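In what follows, a single structure is set out as structure tokens and then discussed.
In the text below, chain A, chain B and the rest are named by the order of the sequence lines, each starting its count at 1. Values in this document were obtained by computation on a predicted structure and should not be read as measured data.
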Amino acid sequence: METPNASNFLETIIAEDLAAGRVQTVVTRFPPEPNGYLHIGHAKSISVNFGLAETFGGRCNLRFDDTNPEKESQEYIDSIQEDVRWLGYNWDGEVRFASSYFQQLYDWAVYLVEQGHAYVCDLNAEQAREYRGTLTEPGRNSPFRDRSVQENLDLLARMKAGEFAEGAKVLRAKIDMASPNMNLRDPILYRIRKVPHHQTGDSWVIYPTYDFAHGQEDAIEGITHSVCTLEFEDHRPLYDWFIEHLPVTARPRQYEFGRLNPSYTITSKRKLKQLVDDGVVAGWDDPRMPTIAGMRRRGFTPAAIRRFCKMIGTTRSDGVVDVAMLEFAIREDLNENAPRAMCVLDPLKVVLTDYPQDKVEELLAARHPSRTELGERIVPFTRELYIDADDFREEANKKYKRLVLGKRVRLRNAYVIEAVDVVKDAAGKVLEVHARTIPDTLGTDPADGIKPKGVIQWVSASLGKRATVRLYDRLFNHESPDKGDRDFMAHINPDSLRVVEQAWVEPALVRALPEQGFQFEREGYFVADRYDHSEQAPVFNRTIGLRDSWAEQGGAGE
RNA sequence: UGGGGUGUCGCCAAGCGGCAAGGCACCAGGUUUUGAUCCUGGCAUUCGGAGGUUCGAAUCCUCCCACCCCAGCCA
């Protein structure tokens, strides 16, 4: 068998395990807790886990790590499955739930008690913290640590039966209160929570902790490589301890990689939830959110997200990835695949005084500049048009390549025109531009040799359609909005959303399907809103602007 | 001041003792009916620092420094 070309440390490990015969088939899992929507950081984890299975011809499970019913809900379970599928991944078999292993987990807890490896502790949370010691001082043994097996068995059964109040008792592993690794100072296995569970209803009043559940879930499912993020590294000795002390039939191994931290972004479910709850954004799927659902609504494609995840690599170092890389990924995809169209965001009327009043020419325009197979669309040309106010100036220096009074410009996919006059209001504001069309300039330069310097987009004033365009920008104006103890709420970008209620788009655009993406030439990439767009009331979201070296040079400021 | 990690170009990242890949960003040209795309070229005598081993070190050894994670009955 050919050894796959290892391109990251996990692939190297797996390739060696396969080569050494330690595992026959690679089985990984993506194990989200259903307590929030998936975000870009999860996309990386999904890419890593499903990607590993794919690379080595193995399997990847989707398992909900639902051991804490208080924070979880069906809404999250549904959204997570939808997001994973949307990203283009298929999990092996049915969706799994940690909760479906509750009985097995409980039986193993009983086993540990029988072996003298676990005990019921009556310390309350505060006392437990005191007994635990600190990072530099060892903890002290709980006064309940030496209860008899018989008493522990009885107490555990009564915990399960609901005889005790929440917080009154916990089940703990008997390991080492002096361990320098805090996770080994008699960790808690079960706590009492008298709340119904979204999957198991009220059949349980005690729930296993992450530490007692995760590795065993992996063992039950035959996971060979349990991949998680760096902060769980200290938990690995405990993960291994349970596997070694329990009669499990498989031997999963945990490996950790560095989580994704994109700049100008937060990826904490708690904080994202706060943005939603405080109304800073319209919901988990607000296009400004770094959630999968939000990015989807923003116009990102699964391919671009997957590409980005591959691009950033998988390592054990933990840093901040420039969002510019994510932006590159979506631009690359959309540049290649999005049909072109014309949209005017800040309309300024242009009247072609030499063009017949009722004449309409149905011009043909390529859907894509290089992919001719995408065909053409019809764009109506009329006497009155809209161009962007920013594309006209009464006077300008030679660096300005748009329409200037007395000068020419190419109307994209149409004629070259020359501005001959302006109409202003009392305050001197330009209301409309009068221009003339240069004859025979469709698809060719002017016969007189005076070539226009630039090209601008336009929309027929009489046949174009009105549309709502939402211009999104990054949600935070700080590169690391929540690093350290920074208050991320103080770094919200107040201009993260600008709604243009009366943009003009070429008529064909109103028939766009929801979620269809376009490049509005010279503006950026846009998508018909997944929920709000309709032919009668078109709504487009800006996914990302075009690269703009003109603006970068300060051109916009001239 | 305990334990566990990580340090290669502004950012991500290859490299695993033989003479510093690649991508993003940036800069300079060229093409262009999108100031986009595309194309070309530039961008680490140096790998957190200091010693040491070696003919040879980003790669091995020693010490030091910086940053991240851990004291939830969260995951």
Side-chain angles (χ1 to χ4, degrees), chain A residues 7-8 31-33 35 65 67-68 70-71 121 123-125 128-130 132-139 166-172 178-185 187-193 206-207 209-211 213-214 228-237 256 258 263 269-270 310-329 331-332 335-336 340 342 365-366 368-370 399-402 409-414 416 441-445 451-457 519-524 545-553 555:
Chain A
S7 68
N8 71 46
E33 184 190 9
N35 65 345
D65 215 353
T67 56
N68 184 12
E70 282 168 305
K71 295 178 179 172
C121 178
L123 255 26
N124 63 35
R129 193 183 325 124
E130 286 166 18
R132 191 154 37 230
T134 69
L135 294 177
T136 52
E137 300 163 282
E166 283 192 13
K169 286 179 166 48
V170 293
L171 181 71
R172 304 175 71 175
S179 172
N181 182 343
M182 301 294 287
N183 296 121
L184 265 20
R185 319 247 263 225
I188 291 170
L189 276 44
Y190 270 95
R191 69 288 213 193
I192 300 170
R193 283 288 174 280
I206 59 174
Y207 292 96
T209 55
Y210 164 84
D211 285 311
H214 206 93
C228 60
T229 44
L230 252 24
E231 67 270 29
F232 290 100
E233 192 156 16
D234 288 343
H235 293 247
R236 193 171 62 222
E256 312 85 19
S263 58
K269 276 195 270 188
R270 198 206 97 224
K310 297 290 184 199
M311 207 168 13
I312 59 176
T314 309
T315 68
R316 287 177 60 83
S317 66
D318 134 84
V320 174
V321 172
D322 193 340
V323 277
M325 249 191 256
L326 216 207
E327 296 176 348
F328 169 82
R331 283 197 186 104
E332 181 184 48
N335 174 56
E336 176 72 17
R340 310 290 127 121
M342 293 194 285
H368 194 282
S370 57
K399 287 169 70 177
Y400 186 79
K401 303 202 302 185
R402 311 174 189 184
V409 78
R410 158 74 65 182
L411 291 179
R412 175 71 167 157
N413 299 127
V416 171
T441 49
L442 278 181
T444 158
D445 286 331
K451 288 169 60 172
K453 283 199 301 191
V455 183
I456 63 174
Q457 80 277 20
Q519 182 196 103
F520 288 172
E521 290 188 285
R522 301 209 316 129
E523 290 290 354
L546 253 26
R547 259 196 74 225
D548 188 352
S549 57
W550 166 249
E552 283 164 12
Q553 287 165 25

Can you name the residues that form a side-chain hydrogen bond (donor to acceptor under 3.5 Å, both in side chains) with [X], not counting sequence neighbours?
X: D211(A); answer: H235(A)
X: D65(A); answer: H214(A)
X: E332(A); answer: R307(A)
X: T444(A); answer: none

(request) Give a yes/no answer on whether the side chain of T134(A) brings an N or O atom under 4.0 Å of OP1 or OP2 in G2(B). (result) no

(request) Using only side-chain N and O atoms of R191(A), determine if any of them is under 4.0 Å from OP1 or OP2 of A75(B). (result) yes

If you restrict it to nitrogen or oxygen atoms, what contacts under 3.5 Å exist between nucleotides 26-32 of chain B and the protein, and what is each distance?
none

Counting any heavy atom closer than 4.0 Å, what does [X] reach on the DNA or RNA strands: base, sugar-phosphate only, or nothing?
X: D234(A); result: base
X: A125(A); result: base
X: H214(A); result: nothing
X: F232(A); result: base

Results of salt bridge (Lys or Arg N to Asp or Glu O under 4.0 Å) for [X] - residues two or more places apart only:
X: K71(A); answer: none
X: E256(A); answer: R236(A), R316(A)
X: R522(A); answer: D391(A)

(request) Identify which nucleotide among A75(B), C12(B), A25(B) has an atom closest to any side-chain atom of E231(A), counting heavy atoms from C-beta outward. (result) A75(B)

(message) Taking the minimum atom-to-atom distance to the side chain of R129(A), which one of G2(B), G72(B), U34(B) wins?
(response) G72(B)

Polar-atom pairs under 3.5 Å, protein N or O versus N or O of nucleotides 5-10 of chain B: list them with distances, or write none.
from, atom 1, to, atom 2, distance (Å)
G5(B), O3', R316(A), NH2, 3.3
U6(B), OP1, R316(A), NE, 3.2

